[in-house]
Every structure is written in structure tokens, then in C-alpha cells.
Amino acid sequence: MAPVRRSGPGTWLFLLPLAAPLLHVALSVEPISMGIAIAAASAITGYISFPELYCGRLVECCRVEEPLNGTALQNDLKEKLFGQHLAQEVIYRALMGFMSNDNPKKPLALSLHGWTGTGKNFVSKIIVENLYPAGMKSKFVHLFVSTVHFPHNNLLSLYKDQLQSWIRGNTSRCARSIFIFDEMDKLHPGLIDSIKPFLDYYENLDGVSYRKALFIFLSNAGGDLINRRMLELWNEGRKREDLELRDVENVLSVGLFNNKNNGFWHSALIEKNLIDYFVPFLPLEFSHVKKCVLAELRHRDLEEDEELASRVAKEMTYSPKEQKLFSDKGCKTVAAKLSLHL
Ligand SMILES: *[C@@H]1O[C@H](CO)[C@@H](O)[C@H](O)[C@H]1NC(C)=O
Ligand SMILES: *[C@@H]1O[C@H](CO)[C@@H](O)[C@H](O)[C@H]1NC(C)=O
């Protein structure tokens with residue numbers, strides 16, 4: 001037993017032996033700080049009274065109240081994501097609005113669409129890291145990949161039960177849970193509607209409120225619609241940045257609802273407007289691919305070599321055949337291609 005003197009007169013706190021090494025570390029680093037001692041004690045006894053003192057340092061905490069740092073989010077979206085002016089703007093707006101609302105009427109549901117390699121997974125990672133520093137490894141973040149978690153069509157009813165129970169279980173532990181569904185285009189269309197009750201405007205279901213949770217859906221579906229719109233724009237001689245959200249948002253939701261080859265086919269989520277934002281990811285051009293190479297060089301602590309970046313970007317294939325505008329794989333294989341040059 002390690003008795004610790006509290007600043008108030010005559011109050012003593014007896015801690016479990018387990019707490020002693022932790023306290024020792026805290027006390028040896030800083031001058032005797034009772035705040036940390038109490039925080040450590042409460043972390044161990046499960047008595048949470050000073051979350052700001054230990055969350056992130058000793059334990060990962062569910063962040064229900066803490067607002068989002070808008071500057072950090074905006075910097076990430078601007079500096080790490082290339083060629084996606086619409087996604088940048090929509091995601092920033094959606095997330096800041098949602099996170100600063102103490103009483104949202106429903107959970108936030110974002111559906112990200114675009115060709116492979118355009119940054120959908122990457123943006124999900126940025127969102128997650130801005131909420132939880134542990135990123136995708138956070139225990140409050142749940143990733144479901146259709147072909148990995150729900151591969152067999154004949155097990156549909158099992159998957160439905162499982163998915164519902166996971167979402168219920170995790171959200172009851174942490175209201176600010178994040179659920180990401182990758183490969184929505186490969187998901188059985190019947191499955192996603194089983195989570196409809198969680199996305200709806202209910203105050204609570206069986207005592208659990210889902211209103212502070214985040215749902216992110218990723219899919220290649222709709223990518224061709226977006227690309228067609230971009231090509232039209234290009235043919236009219238207009239700039240990429242001229243594309244506005246309303247130019248694609250509606251095309252996207254109608255297109256997805258009617259497209260048999262995706263998880264949103266005839267989905268009640270779309271019919272009942274439970275998806276808050278359809279976020280288009282535009283096809284990437286040569287200049288963006290080049291930026292991806294430069295970012296990869298930076299990431300590997302190498303010199304940013306413009307000439308090398310151009311060479312790697314030139315190795316990607318571009319479509320359509322005549323104009324060769326858009327990289328077929330976006331930035332997806334850039335890292336591997338770069339490795340061959342080093
Ligand atoms: C928000 O993020 C910016 C940029 O990363 C940082 O400089 C600033 O200190 C952060 N603000 C808070 C309150 O954490
Ligand atoms: C939380 O979700 C994971 C899947 O990401 C699942 O394995 C786990 O059982 C769920 N936890 C609860 C309490 O339901």
C-alpha cells in the first residue's frame with residue numbers, strides 16, 4: 001500500500017499496489033502533482049474524474065464531449081489529400097457541424113464514392129485520426145470489409161444478427177464509436193438495411209443512443225458517373241474546381257439506388273434519406289499522381305525529387321484512351337512503383 005499525501009489537510013488516499021509504479025513514474029517526472037496521482041488512481045479504480053489528465057497518455061478514452069480541432073482537421077485535408085476539393089469541403093463541414101452539436105438528431109452517415117485510389121480510405125483514416133490518435137487501431141473504430149467479414153451470401157441472416165449486435169454492443173460502451181464499411185459495392189444488398197434502425201432519428205433503442213456515432217461507407221460505385229461528369233466538364237473547357245457538389249450529389253444517390261451491383265441497391269438508407277452526405281472523389285490527373293509520389297518520398301524521409309516524381313507518374317496508365325486524363329488506379333500503386341526506382 002502506498003499512502004499519498006493530498007494537498008488538503010489530513011486526507012490520505014490509499015492506492016492499490018498496482019498503482020504504485022504508475023505513480024512513481026508520474027511523481028519522478030514532474031514535481032509532486034496531485035492531479036496526476038488522483039487521475040492515475042481513478043483510472044485504476046475505474047473512477048473517472050480527471051479525464052483530461054490521463055486520456056491519451058495512460059488510457060484511450062471515448063471522446064463524447066471534446067470538440068474537434070478544426071485547424072488540425074483542415075490542415076490534414078488540405079495538405080495530405082490531393083485533387084479533391086469537394087471531399088475536402090464536405091467532410092470538413094459535416095464533421096465540424098456534427099462534432100460541435102451536443103444533441104445531434106441522428107448519427108452522422110457519410111458515403112464516399114469514387115474510383116479506386118482516389119483517397120476514400122485515406123480520408124477515412126484522416127477522420128479517424130482526428131478523433132482518436134490511435135487511428136485505425138483505436139478500440140472505438142470498427143472496420144468492416146465486405147469480402148472479409150461478410151463473404152458468403154447464404155449466411156446473410158447470421159451476418160445481420162452479428163452486425164446488429166456488434167454495433168449495439170460497441171455503441172453502448174462508447175457513444176462516439178466509428179463504423180467504417182469498406183467495399184460497399186461488394187456488400188449483399190440485403191445486409192446494409194439491417195443497420196437502418198441505428199441510423200434513424202430515434203432518441204434511443206433499448207436504452208442505447210446511436211446519435212453520436214459515425215458511419216462511413218466506402219465504395220467504387222458511382223465512380224463512373226463522377227468520371228463522366230468530369231469529362232464533360234473538361235470538354236466544355238472548364239476547370240476541375242468548377243465542379244460543384246450539386247452537380248454530382250443527386251446523380252450519385254439516384255445512380256446508386258438503381259445500380260444492382262452495389263450494397264445500396266434499393267436501400268432504405270437512401271430511400272429514407274438516412275445518408276447525410278454523398279461525397280464524390282474525383283479521378284486523379286497526372287499532376288495529382290505526381291504529388292502523391294512526392295508525398296511518398298517525404299514519408300520515407302527522402303529528398304523530394306520532381307524529376308523522379310514525373311517519371312513514376314508517367315508509368316501509370318491514364319484513360320479515356322484518347323485524352324489520357326485520369327489515372328486508372330489513382331495513386332494506389334504509387335508506393336510500389338516508386339520502390340522500383342529507388
Ligand atoms: C489545433 O491544431 C493546431 C494544428 O495542428 C495546433 O497548432 C493547435 O495547438 C491545436 N489546438 C488545440 C486546442 O489543441
Ligand atoms: C465490437 O465490434 C467488434 C468488431 O469490430 C466485435 O468483434 C466486438 O464483439 C464488438 N463488441 C461488442 C461489445 O459488441
Side-chain angles (χ1 to χ4, degrees), residues 46 50-57 59-81 88 91-100 102 107-110 121-152 155-184 186-188 191-192 194-199 204-218 263 295 298-299:
F50 285 84
E52 67 282 5
L53 284 176
Y54 71 83
C55 278
R57 262 194 269 173
V59 218
E60 191 190 19
C61 301
C62 171
R63 61 178 294 170
V64 190
E65 306 299 339
E66 202 186 332
L68 206 56
N69 182 340
T71 321
L73 177 64
Q74 189 139 45
N75 286 351
D76 280 352
L77 289 170
K78 274 207 179 122
E79 286 163 19
K80 299 182 184 167
L81 184 69
Q88 236 170 41
I91 296 217
Y92 178 76
R93 208 155 25 91
L95 226 58
M96 291 311 288
F98 180 66
M99 290 292 290
S100 60
D102 283 338
L108 180 65
L110 303 172
N121 276 292
F122 193 65
V123 159
S124 326
K125 236 180 90 204
I126 291 180
I127 295 176
V128 163
E129 283 166 0
N130 273 273
L131 264 84
Y132 292 112
M136 300 303 286
K137 292 200 193 85
S138 162
K139 60 180 187 243
F140 306 118
V141 178
H142 308 276
L143 172 67
F144 303 111
V145 183
S146 302
T147 51
V148 176
H149 293 91
F150 317 111
H152 306 296
L155 297 180
L156 189 61
S157 56
L158 170 72
Y159 294 155
K160 282 186 182 177
D161 289 346
Q162 245 176 15
L163 190 56
Q164 289 190 335
S165 116
W166 287 345
I167 293 178
R168 192 181 308 119
N170 283 298
T171 313
S172 65
R173 286 182 181 185
C174 173
R176 193 75 85 197
S177 288
I178 307 180
F179 302 96
I180 302 174
F181 293 81
D182 196 3
E183 300 184 343
M184 273 301 288
K186 299 197 181 76
L187 194 73
H188 189 290
L191 185 54
I192 205 62
S194 70
I195 70 164
K196 173 178 171 286
F198 305 132
L199 289 183
N204 75 69
L205 289 172
D206 297 330
V208 182
S209 169
Y210 297 89
R211 291 175 155 189
K212 291 199 167 163
L214 267 85
F215 290 82
I216 304 174
F217 305 98
L218 314 181
R298 226 175 304 140
H299 179 68

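When a ligand or atom number is given, it counts from 1 through the structure's own listing order.
To the nearest 0.5 angstrom, F144 atom CZ is 5.5 Å from I167 atom CD1. The CD1 atom of I178 lies 11.5 Å from the OG1 atom of T171; values are rounded to the nearest 0.5 Å. To the nearest 0.5 Å, atoms CD1 (I127) and CD1 (I216) are separated by 4.0 Å.
From the protein, the heavy atom lying nearest to atom 8 (C) of ligand 2 is W166 CD1, 3.9 Å. The nearest protein atom to atom 14 (O) of ligand 2, hydrogens excluded, is given as G169 CA, 3.4 Å; this is a heavy-atom distance. In terms of protein heavy-atom proximity, atom 5 (O) of ligand 1 is closest to A72 CB, 3.8 Å. Given atom 12 (C) of ligand 1, the protein heavy atom at minimum distance is N69 ND2, 3.4 Å. Closest protein heavy atom to atom 4 (C) of ligand 1: N75 ND2, 4.1 Å.
The backbone N or O of A295 sits nowhere less than 3.5 Å from a side-chain atom of H299 that would complete a donor-acceptor pair.
Under 4.0 angstrom from ligand 2, the non-hydrogen atoms of R173 all belong to its side chain. Residue contacts with ligand 2 for S172 are absent, since no atom lies close enough (heavy atoms, distance under 4.0 Å).
Considering all non-hydrogen atoms of both residues, K125 and M136 come closest at CG-CG, 3.8 Å.
The option with the heavy atom closest to atom 11 (N) of ligand 2, from among T171, V141, N170, L143, is N170.
Ligand-side atoms of ligand 2 in range of S165: 14 (O), range being under 4.0 angstrom from any heavy atom.
Within the 4.0 angstrom cut-off, atom 2 (O) of ligand 1 has one or more protein heavy-atom neighbours.
In K139, the NZ atom is crowded: over 12 heavy atoms of neighbouring residues, nucleotides or ligands sit closer than 6.0 Å. Residue R93 qualifies as enclosed at atom CZ: its count of foreign heavy atoms under 6.0 Å is above 12.
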